[in-house]
Amino acid sequence: MKILSKLKNGCNNSVSKVKNNYGKYLAKTVAVGALGMIGYDAHILGLLQSDCYSQTRDAEACIKAATNSMYLSNPSAINSKLKTGVLHLEMEENWRSFINSTIGYFKGVGTSLISNVIPLGLGLMTVIAGKKPVVKTGGWLLGIYGAVSLFKDVLGFGQPKDLNRRF
């Protein structure tokens with residue numbers, strides 16, 4: 001019976017802690033959601049940047065090899081065949097693409113995190129902070145930032161209406 005009463009008292013204490021701090025937990029929930037959205041955007045931008053960076057670097061390497069294979073400093077059939085072989089190896093290799101994709105992914109993620117530094121900082125402050133006033137302040141600021149972003153970027157308030165204003 002003692003165990004059941006302790007368990008019951010422990011549950012009541014937990015419920016009362018949540019009731020007394022519902023604003024804190026709500027702010028932390030909003031912050032975790034915001035951090036999830038920032039992370040998702042960073043991942044998608046990383047994937048897009050990964051492809052773009054990898055293809056650009058591969059194209060530049062092929063152009064360099066093709067240019068090198070077109071010119072000989074001394075007339076030599078062996079050097080010509082070797083340069084052509086290097087060009088074919090350059091066009092068929094794929095290890096550089098893997099490395100460049102990884103570099104491009106991290107560049108895209110970094111770019112996205114830097115462009116979202118304000119909500120990222122507010123979200124981290126809200127999640128990491130232990131004091132109730134700091135958590136609530138971070139939650140409110142994050143909510144205000146989200147509302148402004150919704151009206152400005154999503155709904156288009158404060159943005160030019162048309163491409164051509166004459167019509």
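The chain is numbered in sequence order, starting from 1. The figures here come from the full heavy-atom set of this structure, side chains too, leaving out hydrogens, waters and symmetry mates.
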Any heavy-atom pair between the side chains of [Y] and [X] that's under 4.5 Å?
X	Y	answer
Ile38	Pro119	yes
Ser80	Leu72	yes
Met125	Leu142	no
Glu60	Ile63	no

Same cluster (ILVMFWY, side-chain, under 4.5 Å), [X] and [Y]:
X	Y	value
Tyr145	Trp140	no
Val30	Leu141	yes
Ile103	Leu47	no
Leu124	Val109	yes
Val32	Tyr25	no

Minimum heavy-atom separation for [X] to [Y], with atom names?
X	Y	answer
Asn100	Ser54	CB-CA, 3.8 Å
Val127	Ala31	CG2-CB, 3.6 Å
Lys24	Gly130	NZ-O, 3.2 Å
Leu87	Ser69	CD2-OG, 3.7 Å

Specify whether His43 and Tyr105 have parallel, tilted or perpendicular ring planes, treating 30° as the upper limit for parallel and 60° as the lower limit for perpendicular.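 Judged by the thresholds at 30° and 60°, the geometry between His43 and Tyr105 is perpendicular.
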Val86 and Asn68: side chain to side chain contact (heavy atoms under 4.5 Å, CB included), yes or no, with the steps? CA-CA 9 Å; Val86 169; Asn68 185 38; 5.6 Å; no
Between [atom1] on residue [X] and [atom2] on residue [Y], distance to nearest 0.5 Å:
X	Y	atom1	atom2	result
Cys52	Arg57	SG	CZ	12.0 Å
Leu155	Leu150	CG	CG	4.5 Å
Leu45	Leu113	CG	CG	9.5 Å
Lys136	Lys131	NZ	NZ	15.0 Å
Ser112	Lys107	OG	NZ	15.5 Å
Thr111	Gln49	OG1	CD	6.0 Å

Can you check whether Ala66's main-chain N or O pairs, donor with acceptor, with Lys83's side chain at less than 3.5 Å?
->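 Looks like no, no N/O pair under 3.5 Å.
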Q) Does atom CD1 of Ile99 have more than 12 heavy-atom neighbours from other groups under 6.0 Å away? A)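 Yes, CD1 of Ile99 has more than 12 neighbouring heavy atoms, counting only those of other groups under 6.0 Å.
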